[in-house]
Amino acid sequence: MTVGSANVEERKPRLLVLNQYYWPGFEATAHLLHELCSMLTDEFDVTVVTGMLPLPNLSPGTTTVEGVTIVRVPSTAYERSHLSRRGLNYVTYLLHALRVGWRMSRPDVIFCMTDPPMVADVGLILARRFRRPLVVTSQDVFPEVAVELGRLESPLLVGLLRKLVGYYLARADRVIAIGETMRARLEEKGAPSERLRVISNWVQASVLTPRPRDNAWAREHDLVDKFVVMHSGNVGHAQDLDSLVRAATFLRDLERLRIVIVGAGARHAELVALAERLEVDSIRFLPYQDREVLSESLSAADLHIVGLARGLSGYVVPSRMYGVLAVGRPVLVAAEATSETAKIVESIGCGIVVPPGRPELITKTIREAYAGEYNLEAMGVCARRFAVEEADRSVALERYRAVFREVIGQ
């Protein structure tokens, strides 16, 4: 055996990853993808082509973080509440990602998360160029999500986007859904059933751990002796946080109640304005919290709320719930009963489920929880057990490894 052939055999398979958001972004896909890629570096040579973020001291170029080569392209990074500006972010990222990916060394597999939703079309172009397999993880089902939320109304644009998404769904070597309901939706859109796999999103249960309600973060924000209902994550259109704000208007008599909305997103300013207009003093808005204090911030709540707007069942699976489960806190889910989130909560007994868009039912549930009518501690125990046994990152990691090995072997 020659030295050259030995080097070829010893080379790790090259994994080329495309996603607009990556470390150090706060977006769910940014965090999930960073965790996944950093854990795959022992077996794969991982390169991520990602876009710019509205963060200081960040510039285009190549760097290495936790063994992952990050190629950051000079895309725009406008605030995403305006659809036109978000679209410009998408277009500039996709064009630059195609240009950079085209010139790279030949990968062994190309992997995309659907952020933006059309990124897998770029992945498919590169897969055809290099004659290599394409794996796509669908974090939501587009454009149906935007249509259901009333964000896209142009029949021409909706039709074009459906064709773009359907094109790669029918041709990708593997399509990963993050829930069984989503799997059915993707199959309806043209993904071949034999190429579909289900791998749920995950949490690091060894890092996000239960902390006492009375912790440093809770003391800093004057929440120790309060009954805290919390939303922690994206503040956008899919979360239906209007219902939570409106519910708070009927809970003014609960003196110890504090509703804490942690995070940012396209509807943050609107919700702040709504709370001010309704004169709801019990609501506090806080920015995203650093990962180092996330265990304490999530543990500061007595009850977390996870909302999913009507019509989004199977199109979106809120990943933020896994962090809540990891710290052993109960969940109030305001979503359709067919949604993955509602099914998980009901099956493991870690919370309460109400239909979406019903502020009066959220009011009723919070009032009952405040009065001690639920065993919140027992629900929290069930939540933590599920996070450790079923939703830990190690479980998802091995399933991803299996998919990549499978397509490379083919």
Reported [atom1]-to-[atom2] distance for the pair [X] and [Y], which is rounded to 0.5 angstrom:
X: L169; Y: K189; atom1: CG; atom2: NZ; value: 6.5 Å
X: T50; Y: L53; atom1: OG1; atom2: CG; value: 6.5 Å
X: L286; Y: L223; atom1: CG; atom2: CG; value: 8.0 Å
X: R14; Y: T47; atom1: CZ; atom2: OG1; value: 8.5 Å
X: D240; Y: R310; atom1: CG; atom2: CZ; value: 9.0 Å
X: N234; Y: Q239; atom1: CG; atom2: CD; value: 4.5 Å

Given 3.5 Å as the limit, does a donor-acceptor pair link the side chain of [X] with the main chain of [Y], or not?
X: S75; Y: T92; value: no
X: D173; Y: L134; value: yes
X: S297; Y: L294; value: yes
X: Y370; Y: R256; value: yes
X: N215; Y: W217; value: yes
X: S339; Y: A342; value: yes
X: N89; Y: Y78; value: yes

Would you call [X]-[Y] a salt bridge at under 4.0 Å N-O?
X: R401; Y: D42; result: yes
X: R267; Y: D242; result: yes
X: R219; Y: D214; result: yes
X: R183; Y: E340; result: no
X: K163; Y: D121; result: no
X: E43; Y: K12; result: no
X: R162; Y: E144; result: yes
X: E79; Y: R85; result: no

Does atom [atom1] of [X] have more than 12 heavy-atom neighbours, drawn from other residues, nucleotides or ligands, at distances under 6.0 Å?
X: K364; atom1: NZ; answer: no
X: E279; atom1: CD; answer: no
X: Y288; atom1: OH; answer: yes
X: L156; atom1: CG; answer: no
X: Y374; atom1: OH; answer: yes

(message) Test side chain to side chain contact (heavy atoms under 4.5 Å, CB included) on L244 and I362; report intermediate values, then the result.
(response) CA-CA 7 Å; L244 176 61; I362 293 175; 4.3 Å; yes
Of the non-hydrogen atoms in [X] and [Y], which two are nearest, and what is the gap between them?
X: S138; Y: D140; answer: OG-O, 2.8 Å
X: A218; Y: A300; answer: CB-CB, 3.9 Å
X: P143; Y: V158; answer: CG-O, 3.9 Å
X: S193; Y: E187; answer: CB-OE2, 3.1 Å
X: I352; Y: V345; answer: N-CG1, 4.0 Å
X: L361; Y: P355; answer: CD1-CD, 3.5 Å

(request) Applying side chain to side chain contact (heavy atoms under 4.5 Å, CB included), run through I70 and R72 and close with a yes or a no. (result) CA-CA 6 Å; I70 304 172; R72 196 172 301 280; 4.0 Å; yes
(message) Would you say that D45 contacts L15 through its side chain, given a criterion of any heavy-atom pair below 4.5 Å between the two side chains?
(response) no
(message) Using side-chain heavy atoms (C-beta onward) and a distance below 4.5 Å, is L251 in contact with T363?
(response) yes
Do [X] and [Y] meet the criterion of a side-chain donor-acceptor pair at a distance under 3.5 Å?
X: H31; Y: R291; result: yes
X: R211; Y: T209; result: yes
X: Y400; Y: T137; result: yes

(message) Cation-pi check for Y315 against R185: NZ or CZ below 6.0 Å from the six-membered ring centre and within 45 degrees of the axis, yes or no?
(response) yes
(request) Report yes or no: is the cationic atom of R252 (NZ for Lys, CZ for Arg) closer than 6.0 Å to the six-membered ring centre of F250, at no more than 45° off its axis? (result) no
(request) Verify side chain to side chain contact (heavy atoms under 4.5 Å, CB included) between V229 and V260, making sure each step is shown before the conclusion. (result) CA-CA 6 Å; V229 177; V260 183; over 6 Å; no
(request) Start with the C-alpha distance between L152 and L161, add both sets of side-chain angles, then the distance that settles side chain to side chain contact (heavy atoms under 4.5 Å, CB included), and finish with yes or no. (result) CA-CA 10 Å; L152 276 181; L161 292 171; 3.5 Å; yes
(request) Name the orientation class of the two ring planes belonging to F404 and F111 (parallel below 30°, tilted from 30 to 60°, perpendicular beyond 60°). (result) perpendicular
(message) Could you go through E66 and W23, starting from their C-alpha distance and side-chain angles, then the distance that decides it, and tell me whether this counts as side-chain hydrogen bond (donor to acceptor under 3.5 Å, both in side chains)?
(response) CA-CA 11 Å; E66 295 186 26; W23 177 94; 6.0 Å; no
(message) Which residue in the set M182, E148, E336 passes side-chain contact (heavy atoms from CB on, under 4.5 Å) when paired with S313?
(response) E336
(request) Output, in order, the C-alpha distance, side-chain angles, deciding distance and verdict of salt bridge (charged side-chain N to carboxylate O under 4.0 Å, His left out) for D302 and R213. (result) CA-CA 8 Å; D302 294 276; R213 275 276 289 105; 3.3 Å; yes
